[in-house]
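Contents: one structure, followed by commentary.
Nothing here was measured: the structure is a model prediction, and the numbers come from that model.
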Amino acid sequence: MASWKSWTVFVVVCLLGKISGLDNGLALTPPMGWLAWERFRCNTDCKNDPDNCISDRLFRTMTDILVNEGYAAAGYEYINVDDCWPERERDPRGRLVPDRERFPYGMKSLSDYVHSKGLKFGIYEDYGNFTCAGYPGVVGHLAGDASTFASWGVDYVKLDGCYALPADMDHGYPEFGRQLNLTGRQMVYSCSWPVYQIYAGLQPNFTSIIEHCNLWRNFDDIQDSWASVESIIDYYGNHQDVIVPNAGPGHWNDPDMLIIGNFGLSYEQSKTQFAIWAILAAPLLMSVDLRTIRPEYKAILQNRKIIEVDQDPLGIQGRRIYKHRGIEIWSRPILPIHGQHYSYAVAFVNRRTDGTPSDVAVTLRELGLNNPAGYRVEDLYEDVDYGVLSPQTKIKVKVNPSGVVILRADAQPPFAYNAIPTRTPYNDVFRLSRK
Ligand code: GLA
């Protein structure tokens, strides 16, 4: 018979599970993968544009590249279909049917292919009468569509909210989630529930959203421009008191896709998107043509050190801790923890448009990093290891216009304090600040 102690542990674990999010055991770190929408949209013209239309071929090609070109090894796992995959009409038995010309082998075959490469397969639907692009929505077919997805081997469902009443979503999204669970197949559940309610002037019930969804959208669709990325960064910074506490293992805010490698972002801006998405504990869903992406953008997307920040097991979303005259500092608590002291990823963003890099100088203490044993500080793009720095050390970074410097500061256990190296790139600054 189990002792009272083990029962107590069991009950506590259950209670924690209940309050800590959708209990499907998935997305304990933010999902990573490739998603068609931002780059390939609703291109259904396979006759004139066979390489770029939403088709079986496109997804198989991206699957191959994910595996063959290092993305899967870096953590990208999901191949996600977005809108415009089905026929305009359901079949006579009310089932969704993939477009017969563009997906001639059906979705099970595509999903099998993705699985055969060790990846996972995601699909898109919409809670309303239609998807945003006018294809059939799931309303009236919740149980049937959930079981169709399970039979196709779907691992991830993005459920959009066009052509639906935002007020209905408080029961509709949980109900579709329940139907997904009833299939017995584990599927990550991505919801657009809060964003449609916010647009309708309703106050989203985040307690319920956290309980029923693995991730959710809060704000506008990302577009291929720096202005769009900036607007998302601002939204998350300006609403962080409401948004940040909702994130955690199994339940994430989704600031939308990565557009790195497309047409709209410079190299600096691409680095900024990736760094801030990591600070935000965001899903990393690339929407880019992986066949033609330039190597420097690929390198950003495969930056292991920044991916490690994004995937930090604590799952604490970061915050904007400073904003003044175009300079922002963002900070995210990460592992390891020593005593009372977290480690941190810290991003310095330059939003200024005067065309020269800006210097930012700040002590670790001013960033809230007070561990008396210090922090090992490392630049995550430049591959510079600053060594172990004490809280009173002033660090100085040069941030390019619309660019970023992202550091990680690993809290040191007490004994490591003596190991401060004597020479570092900013040795003079350190000596000054220690006097
Ligand atoms: C909405 C979503 C996008 C995309 C499109 C597809 O706008 O927010 O991410 O899925 O629909 O039509």
Under the criterion side chain to side chain contact (heavy atoms under 4.5 Å, CB included), I'd like the reasoning laid out for Tyr71 against Met286: C-alpha separation, chi angles, the key distance, then a yes or no. CA-CA 10 Å; Tyr71 296 95; Met286 308 176 285; 3.8 Å; yes
Let me confirm one number: the [atom1]-[atom2] distance from [X] to [Y], rounded to the nearest 0.5 Å.
X      : Y      : atom1 : atom2 : answer
Ile279 : Gln317 : CD1   : CD    : 10.0 Å
Tyr135 : Asp99  : OH    : CG    : 7.0 Å
Asp410 : Ile334 : CG    : CD1   : 6.0 Å
Ile123 : Phe121 : CD1   : CZ    : 5.0 Å
Tyr113 : Met107 : OH    : CE    : 15.5 Å
Phe274 : Ile300 : CZ    : CD1   : 8.5 Å

Establish, from distance only, whether the side-chain atoms of [X] and [Y] form a donor-acceptor pair under 3.5 Å.
X      : Y      : result
Asn24  : Asn214 : yes
Arg320 : Asn238 : yes
Asn43  : Asp49  : yes
Ser228 : Gln223 : no
Tyr236 : Asn218 : yes
Asp170 : Gln197 : yes

Considering only heavy atoms from C-beta outward, does the side chain of [X] approach that of [Y] to under 4.5 Å?
X      : Y      : result
Asp379 : Val405 : yes
Tyr297 : Asn262 : no
Val399 : Ile327 : no
Cys191 : Tyr127 : no
Ile65  : Trp34  : no
Val188 : Lys158 : no
Val229 : Ile222 : yes
Ser331 : Leu367 : no

[X] side chain to [Y] main-chain N or O, any donor-acceptor pair under 3.5 Å?
X      : Y      : answer
Arg88  : Gly134 : yes
Asn48  : Asp45  : no
Ser287 : Arg39  : yes
Asn371 : Ala411 : no
Arg291 : Asp51  : yes
Asp224 : Phe263 : yes
Gln311 : Pro30  : yes
Asn253 : Ile243 : yes
Arg102 : Cys84  : yes
Gln273 : Met257 : yes

Minimum heavy-atom distance [X]-[Y], with the two atoms named:
X      : Y      : answer
Gln302 : Glu69  : NE2-O, 2.8 Å
Arg57  : Pro50  : NH1-CB, 3.9 Å
Ser402 : Ser266 : OG-OG, 4.4 Å
Tyr76  : Leu301 : OH-O, 2.6 Å
Pro357 : Asn400 : CG-OD1, 3.3 Å
Val195 : Ser192 : CG1-O, 3.1 Å

The test is side chain to side chain contact (heavy atoms under 4.5 Å, CB included); show your working for Cys162 and Tyr196 and say whether it passes. CA-CA 8 Å; Cys162 278; Tyr196 285 93; 3.4 Å; yes
Is the closest basic N to carboxylate O distance between [X] and [Y] below 4.0 Å?
X      : Y      : answer
Arg319 : Asp241 : yes
Lys120 : Glu77  : yes
Arg351 : Asp234 : yes
Glu175 : Arg178 : yes
Asp82  : Arg41  : no

Count the heavy atoms belonging to other residues, nucleotides or ligands that lie under 6.0 Å from [atom1] of [X], then report whether that count exceeds 12.
X      : atom1 : answer
Tyr381 : OH    : yes
Arg325 : CZ    : no
Tyr163 : OH    : no
Tyr342 : OH    : no

On the six-membered ring of Tyr344, is Arg332 placed so that its NZ or CZ lies under 6.0 angstrom from the centre and within 45° of the ring axis? no
Quickly, which of Asp354, Thr356, Asn350 forms a side chain to side chain donor-acceptor pair (under 3.5 Å) with Arg352? Name it, please. Asp354
Derivation and outcome, side chain to side chain contact (heavy atoms under 4.5 Å, CB included), residues Asp83 and Asp160: CA-CA 9 Å; Asp83 207 344; Asp160 212 338; 5.7 Å; no
Exactly one candidate in Asp168, Asn129, Leu165 meets side chain to side chain contact (heavy atoms under 4.5 Å, CB included) with Val139; the answer is Asn129
Chi angles and distances behind the side chain to side chain contact (heavy atoms under 4.5 Å, CB included) call for His251, Trp216: CA-CA 8 Å; His251 47 102; Trp216 53 83; 3.6 Å; yes
Qualifying residue for ring pair (Phe, Tyr, Trp, His ring centres under 6.0 Å) with Trp85, from Trp152, Tyr124, Phe59: Trp152
